[in-house]
Amino acid sequence: MLRILLLATFVLCGHCSEQLPDGAQRVVGGTEASSHAWPSQISLQYSSGGSWYHTCGGSLIRQHWVLTAAHCVDSNLNFRVVAGDHNIYQSEGTEQVFSVSQIVIHPFWNRNNVAAGYDIALLRLSGQASLNSYVKLAVLPQEGTILANNYPCYISGWGRTQTNGALSSVLLQAYLPVVSYQTCSSSSYWGSTVKNTMVCAGGDGVRAGCQGDSGGPLHCAVNGVYQVHGVTSFVSSAGCNVRNKPTVFTRVSAYISWINSVIAN
């Protein structure tokens with residue numbers, strides 16, 4: 001169900017992978033994260049034929065709220081959230097599993113044009129996560145924060161390991177420095193496809209997000225604390241790790257007021 005969207009972008013949900021372009025890979029160029037190194041990371045899964053399958057990532061931002069991408073949850077699927085996971089194919093005793101009681105997609109999201117922005121959603125969980133060394137809340141940035149060009153960040157996810165292949169069994173991470181909006185919106189990069197409510201990161205032709213990573217976090221350390229500055233959104237239809245086509249994220253700091261209002265209501 002992968003949609004080829006306006007201006008040749010690909011969204012990165014796992015259940016959309018049937019039409020992956022040749023050459024698309026995983027958290028491309030990534031390495032296995034240390035076990036539970038990103039304890040706010042969750043696996044968003046959908047049910048089919050009596051089994052559950054990873055489709056997207058997300059971040060636990062309250063004990064009963066998860067932040068993810070709108071395109072991950074704008075279909076009529078039955079979802080669940082797994083927190084405290086590392087290997088999604090093994091039971092490690094650290095997992096907490098929740099059904100999703102409410103899906104709140106940004107009202108301006110247009111599923112036919114991810115490049116318009118607003119690729120953000122909140123999931124209310126059926127119960128409250130128990131916080132421990134394996135499950136922690138993500139720290140969100142201050143509203144309006146813009147990170148400098150080349151600011152060091154990391155993407156994490158269980159994206160696919162090869163074209164039409166299996167998802168990564170373990171959580172992967174990759175170093176993706178920020179590409180400034182000025183650079184990313186230039187004609188040799190993404191041009192007008194990217195908006196100032198987005199964050200670009202990577203684009204070295206080696207490391208990138210890919211199918212199965214959508215909705216997951218872009219972690220950036222600010223004052224010694226990792227914050228979730230991006231929600232993984234899209235890559236080029238030419239492939240995930242195309243040089244000068246950085247992975248594009250929804251910029252979380254542009255939506256702090258919306259996030260707070262949804263949770264408050």
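Residues that satisfy the side chain to side chain donor-acceptor pair (under 3.5 Å) test with N78, not counting sequence neighbours, are S47. Among residues two or more places apart in sequence or in another chain, the side-chain contact (heavy atoms from CB on, under 4.5 Å) test is passed with N150 by P177. Annotation: side chain to side chain donor-acceptor pair (under 3.5 Å) contacts of S43 (sequence neighbours excluded): Q45, H54. Remark: S48 pairs with no residue by the side chain to side chain donor-acceptor pair (under 3.5 Å) rule, at least two apart or across chains. Residues satisfying the ring pair (Phe, Tyr, Trp, His ring centres under 6.0 Å) criterion with Y154, sequence neighbours excluded, are Y175.
Relative orientation of the H219 and W38 rings is parallel, given thresholds of 30° and 60° on the angle between their planes. Taking the six-membered ring where the residue is Trp, F108 and H106 present tilted rings, their angle falling between 30° and 60°. Ring-plane geometry between Y255 and Y118 is classed as perpendicular, the angle between the planes exceeding 60 degrees on a 0 to 90 degree scale with a lower cut at 30.
T68 contributes a side-chain N or O that, together with a main-chain N or O of G57, makes up a donor-acceptor pair within less than 3.5 Å. No donor-acceptor pair under 3.5 Å is formed between the side chain of S40 and the backbone N or O of S59. E92 places a side-chain N or O within 3.5 Å of a backbone atom of H86 that can act as its donor or acceptor partner. At distances below 3.5 Å, not a single donor-acceptor pair connects side-chain atoms of N244 with backbone N or O atoms of Y189.
Here CG of L122 is found 6.0 Å from CD1 of I259. Values are rounded to the nearest 0.5 Å.
K195 and A115 make their closest contact through NZ-O, 2.8 Å (heavy atoms, listed as atom of the first residue, atom of the second, distance). Shown here for V222 and Q227, the closest heavy-atom pair between the two residues is CG2-OE1, 3.5 Å.
Checking each of S233, S185, P246 against V194 for a side-chain contact (heavy atoms from CB on, under 4.5 Å) leaves exactly one that passes, namely S185.
For S99 and S126, the side-chain atoms include at least one donor-acceptor pair closer than 3.5 Å.
Hydrophobic clustering keeps V97 apart from W158 (ILVMFWY residues linked when any side-chain heavy atoms are closer than 4.5 Å, directly or through intermediates).
In the hydrophobic clustering (ILVMFWY side chains linked at under 4.5 Å, chained through shared members), W52 stands by itself.
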